[in-house]
Amino acid sequence: MKASIALQILPLTAGESRLAVIDKVIDFLNQQQVKTVVTPFETVLEGEWEELIHILQQAIELAGEEADNIFANVKINYGEILSIDEKLEKYRTTAD
């Protein structure tokens with residue numbers, strides 16, 4: 001079954017290492033064989049449910065290896081979903 005997952009990782013550690021944790025997770029997500037869109041607040045993945053849930057688990061565990069405490073906000077759209085492109089198509093404009 002198709003799904004989309006929005007993931008926001010928030011390392012609860014002080015200092016610059018927080019951004020390094022986020023960057024490492026985004027790099028991991030971008031290497032996956034699913035559609036990935038990075039936004040200022042979260043990264044959105046689209047694909048088959050079984051694959052996405054496995055990627056989600058790996059991403060959270062990766063963040064946990066890099067920070068002593070993390071908070072993960074996760075939104076899941078499961079089933080007969082609209083694709084990322086379908087959701088955004090009427091809002092696409094060129095950025096200045």
Side-chain angles (χ1 to χ4, degrees):
M1 186 65 72
K2 290 283 188 189
S4 59
I5 293 177
L7 174 61
Q8 179 188 46
I9 295 288
L10 301 169
L12 301 179
T13 57
E16 291 294 319
S17 65
R18 291 173 10 154
L19 291 178
V21 173
I22 293 166
D23 286 341
K24 191 165 190 174
V25 172
I26 290 172
D27 287 343
F28 165 77
L29 295 173
N30 278 330
Q31 293 173 23
Q32 304 310 303
Q33 298 299 310
V34 296
K35 181 161 181 98
T36 304
V37 177
V38 178
T39 74
F41 291 102
E42 63 194 8
T43 300
V44 182
L45 307 168
E46 181 179 274
E48 293 297 324
W49 168 250
E50 293 81 13
E51 185 175 14
L52 291 182
I53 200 69
H54 182 68
I55 292 169
L56 174 63
Q57 178 183 356
Q58 290 178 301
I60 291 171
E61 289 174 357
L62 175 63
E65 292 171 3
E66 301 295 320
D68 56 353
N69 192 359
I70 64 155
F71 190 88
N73 284 316
V74 180
K75 294 181 263 181
I76 298 172
N77 185 194
Y78 174 83
E80 303 265 338
I81 67 167
L82 291 174
S83 70
I84 292 170
D85 291 334
E86 290 170 322
K87 290 174 186 173
L88 295 177
E89 110 185 0
K90 68 181 177 182
Y91 301 107
R92 294 206 192 263
T93 61
T94 53
D96 294 328

Expected list for residues 56-74: side-chain donor-acceptor pairs under 3.5 angstrom, two or more places apart:
from	atom 1	to	atom 2	distance (Å)
Gln57	NE2	Glu61	OE2	3.1
Glu66	OE2	Lys24	NZ	2.9
Asn73	ND2	Gln8	OE1	2.5

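- The hydrophobic cluster around Ile84 extends to Val37, Val44, Leu88, counting ILVMFWY residues whose side-chain heavy atoms fall within less than 4.5 Å of a member.
- A continuous path of Ile, Leu, Val, Met, Phe, Trp and Tyr side chains, each step under 4.5 Å between heavy atoms, connects Leu52 with Met1, placing both in one hydrophobic cluster.
- Within the 4.5 Å cutoff, no side-chain heavy atoms of Thr43 are placed close to those of Thr39.
- Under the 3.5 Å distance criterion, the side-chain polar atoms of Glu42 are left unmatched by any main-chain donor or acceptor of Val38.
- In this structure, the side chains of Ile5 and Tyr78 stay at 4.5 Å or more apart for every pair of heavy atoms.
- Gln31 CD to Thr36 OG1: the interatomic distance, rounded to the nearest 0.5 Å, is 10.5 Å.
- Ile76 and Val34 end up in the same hydrophobic cluster when Ile, Leu, Val, Met, Phe, Trp and Tyr side chains are linked at under 4.5 Å.
- Annotation: side chain of Ser4 is in contact with side chain of Lys87 (closest heavy-atom distance under 4.5 Å).
- Within a 6.0 Å sphere centred on CD of Glu50, heavy atoms belonging to other residues, nucleotides or ligands number more than 12.
- Proximity of Leu7 to Leu29: side-chain heavy atoms (C-beta onward) are separated by under 4.5 Å at one or more points.
- Under a cut-off of 6.0 angstrom, the local environment of CD in Gln33 is sparse, with at most 12 non-hydrogen atoms contributed by other residues, nucleotides or ligands.
- Residues meeting the salt bridge (Lys or Arg N to Asp or Glu O under 4.0 Å) test with Glu48, sequence neighbours left out: Lys2.
- In the hydrophobic cluster analysis, where Ile, Leu, Val, Met, Phe, Trp and Tyr join through side-chain heavy atoms closer than 4.5 angstrom, Leu45 is grouped together with Ile53.
- Contact detail for Arg18 and Pro11: the closest heavy-atom pair is O-CG, 3.6 Å.
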